[in-house]
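Scroll down for the structure; my scribbles are underneath it.
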Amino acid sequence: MKEVKLSVDVAGIQMKNPVMTASGTFGFGEVYEDFFSNELLGAMVVKGVTLKARKGNSAPRLVETPAGLINSIGLENPGVKVVLQELLPSLKKYDVPVIVNISGNVVEEYGELAGLLSSSSVVKGLEVNISCPNVKEGGMAFGSSPEMAAKVIREVKKSTNLPVIAKLSPNVTNVVEIALAVEEAGADAISLINTLLGMVIDIKRKKPVLGNIMGGLSGPAVRPVAVRMVWQVAQRVKVPVIGMGGISTAEDALQFIMAGATAVAIGTGQFVNPCCCVDVIKGLEDFCRKNGIKNINDLRGVAWNE
Amino acid sequence: MKFHIPNALVVSHKKIGDKIYSLIFNAPEIANSASPGQFVHIRCSNGLDPLLRRPISINDVDKEKGLVSIWYQVVGKGTEFLSKVKVGECLDVIGALGRGFDSNIDGKNVLLIGGGMGIAPLIYLGSVISKKNTVRGIFGGRNKDVIPCILSESNFDYELCTEDGSIGREGLVTDLLEDQLHKEKIDAIYSCGPKPMLTAMQRISSREEIPLQVSLEAVMACGVGACLGCAFKGYRDGEEAWLKVCKDGPVFWDSEVKW
Ligand SMILES: Cc1cc2nc3c(=O)[nH]c(=O)nc-3n(C[C@H](O)[C@H](O)[C@H](O)COP(=O)(O)OP(=O)(O)OC[C@H]3O[C@@H](n4cnc5c(N)ncnc54)[C@H](O)[C@@H]3O)c2cc1C
Ligand SMILES: Cc1cc2nc3c(=O)[nH]c(=O)nc-3n(C[C@H](O)[C@H](O)[C@H](O)COP(=O)(O)O)c2cc1C
Ligand code: FES
């Protein structure tokens, strides 16, 4: 069989393949360079950025659970100024779209961040984090009500011409309602899921393990929840969906694509296998070749068929 | 340069104490690029539980043969799985990771102070720096069960102590350290072990104004600076900051740690 077409278009962001890095698990593109070339990726999503530098939450910040990881990093980052001046320029050399994940304490901050980041020629899209479970203000609170979620997205859209991706939280009663609200507000794509709020108690110390008490669960444990949410949302919105949560193999990624995702992102899987992203890309190609599929886009949402 | 060796052949795996093992695997890339104090990040099982890799210090390397040695103690699921690996099987390893000890020293009088499994990285350090320096080890633990029995193969002098006196002198490594300080002038101390031991060490080294480097631990996910999870409170450029054990360390200068 001839070349398999793996390239996808996410709201105008042209990607060589549907595999991107999940925000907060890839630093600012420097950490996995020894293991594979960033240029192999569909897109690079960098760590969540805030207006001012954030030191992050107190330790311990990690606890492992069966097939999962709970983190309470707390959006540690050097702030948008340093990101613009020192971190993003070094990504210019890669032929791969860079998407910056943004978080604000108040609605206006999202707009301000979007405006500032639009000035960078490196940035090809903004992922709006209205779903971080690890910060006191903002974060998940914005993603829990359709009105607030829409308000944040409208504010960002006002301040940028870049494609705007709304990153949704799974910690809601009705994810479809939120998805429809952000689409209505102008989101060009939707990514889901962020982490599920969870906690672990150390029975010897009779105390929560994490310094921040609660954190966000990711990894294979959350995958069925993530696939279900992509399935529900992708059938109701017109904009492309980026699926993530517990992907570590091409088979996992295919579940998301068949549930309706245009692209997928990998986070925790990368911690386990530092070549996870490229292994998944290769696996997708192999699957298509074996099954006579010429274009990966033909697999999108195939599981919806009766 | 970090390497991912998904199929590092295990060439030796021995019990060297109570629940303590020595394991040697073939990974020329890691053996050749490693420096003392660095660690490897090991996938202990192919399953999903435990999901994450486990960090283990490099205990020694044989650059010619391309071998890497580790010493580890079984404390939970991951290390339990690791203890079941047989010679001839393969391990999935990333390394060499982190910032190791400052081993670029010459003509100094150096003490290596290790507690329990903290002895492991000091063996590698000692074998490297003893070529150009006078090196002495002070190693200890709760009892003889936590002291690796192949310690005697090391190529520098050392003294042992245990809290119950079951092997070596009865007492703490800090007791032996105080004795040593009465006898001679020490230029530098390198240490690895449980946090309370390191804290006690730091009090002595700062009183005596002896430069101290310590190897610290934290629960890790990525091991390469991607997740920002292995944080501990320290100082960067004089300001309080959450340093990352996997990337900024695991070895830190005394002044970088908030004791
Ligand atoms: C840089 C570095 C180097 C290390 N070098 C060595 C070494 O050379 N030899 C060795 O035996 N061990 C070493 N360790 C510790 C080793 O990583 C842990 O013992 C191991 O991860 C435990 O995994 P587990 O699945 O067996 O236990 P788990 O099931 O994860 O935990 C069992 C128990 O051990 C505790 N624990 C888990 N991780 C750590 C940790 N990092 N430090 C202290 N307690 C922990 C848990 O709280 C729990 O009570 C090192 C750790 C770091 C960070
Ligand atoms: C250590 C860590 C840090 C994260 N940081 C961010 C972040 O800064 N912004 C964000 O939107 N999501 C963040 N996430 C969520 C991931 O991007 C992703 O949505 C989630 O982990 C599910 O994917 P996974 O199971 O493949 O990890 C983080 C996740 C982890 C594990
Ligand atoms: S373990 Fe991920 S940053 Fe250190």
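Numbers restart at 1 for each chain; the letters A, B, ... are given by sequence-line order, proteins then strands.
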Least distance between heavy atoms, B:Trp242 atom then A:Asn57 atom: CE2-O, 3.7 Å

Name the region of A:Ser58, side chain, backbone, both or neither, that has any atom closer than 4.5 Å to a heavy atom of chain B. both

So which atom in B:Leu51 and which in A:Glu64 form the shortest heavy-atom distance, rounded to 0.1 Å? N-OE2, 2.8 Å

Within the supplied structure, the quantity of interest is the number of heavy atoms (other residues, nucleotides, ligands) at a distance under 6.0 Å from B:Asp164 CG; does it exceed 12? yes

Other residues, nucleotides, ligands: >12 heavy atoms within 6.0 Å of A:Lys93 NZ: yes

Do other residues, nucleotides or ligands put more than 12 heavy atoms under 6.0 Å from the NZ atom of B:Lys15? yes

Grab the two heavy atoms, one from B:Gly229 and one from A:Ile73, that are nearest each other, plus how far apart they are. CA-CD1, 3.6 Å

Engaged part of B:Pro50 at the chain A interface, taking heavy atoms whose separation is under 4.5 Å: both

Given heavy-atom pairs under 4.5 angstrom as the criterion, report whether the side chain, backbone, both or neither of A:Phe35 touches chain B. side chain

Other residues, nucleotides and ligands only: do more than 12 of their heavy atoms fall within 6.0 Å of NZ on A:Lys52? no

Could you check A:Tyr32 against B:Cys222 for side-chain contact (heavy atoms from CB on, under 4.5 Å), going step by step and ending with a plain yes or no? CA-CA 10 Å; A:Tyr32 287 100; B:Cys222 68; 3.7 Å; yes

So which residue, A:Glu30, A:Gln270, A:Lys47, A:Lys55, ends up with the most heavy-atom pairs under 4.5 Å with chain B? A:Lys55

Compare all side-chain heavy atoms of A:Pro60 with those of B:Val219 and state whether any distance is below 4.5 angstrom. no

For the backbone of A:Pro66 and the side chain of B:Asp49, can you confirm whether one donor and one acceptor N or O come within less than 3.5 Å of each other? no

So does A:Val272 get a backbone contact from the side chain of B:Arg43, meaning a donor-acceptor N/O pair under 3.5 Å? no

What I'd like to find out is whether the side chain of A:Asn273 reaches to under 4.5 Å of the side chain of B:His4, using heavy atoms alone. yes

May I ask you to test the A:Glu76-B:Lys244 pair for a side-chain heavy-atom distance under 4.5 Å? yes

Show, in sequence, the C-alpha distance, side-chain angles and deciding distance for B:Cys227 and A:Leu62, and conclude whether the side-chain contact (heavy atoms from CB on, under 4.5 Å) test is met. CA-CA 9 Å; B:Cys227 72; A:Leu62 299 171; 4.2 Å; yes

Quick check on the structure: residues of residues 52-60 of chain B within a heavy-atom distance below 4.5 Å of chain A, by number. B:Leu52, B:Arg53, B:Arg54

Under 4.5 Å from any heavy atom of chain A - which part of B:Ala221: both

Do any of residues 247-259 of chain B have a heavy atom less than 4.5 Å from a heavy atom of chain A, and if so, which, in residue order? none

Shortest non-hydrogen contact from A:Ala59 toward B:Ala231: CB-O, 3.3 Å

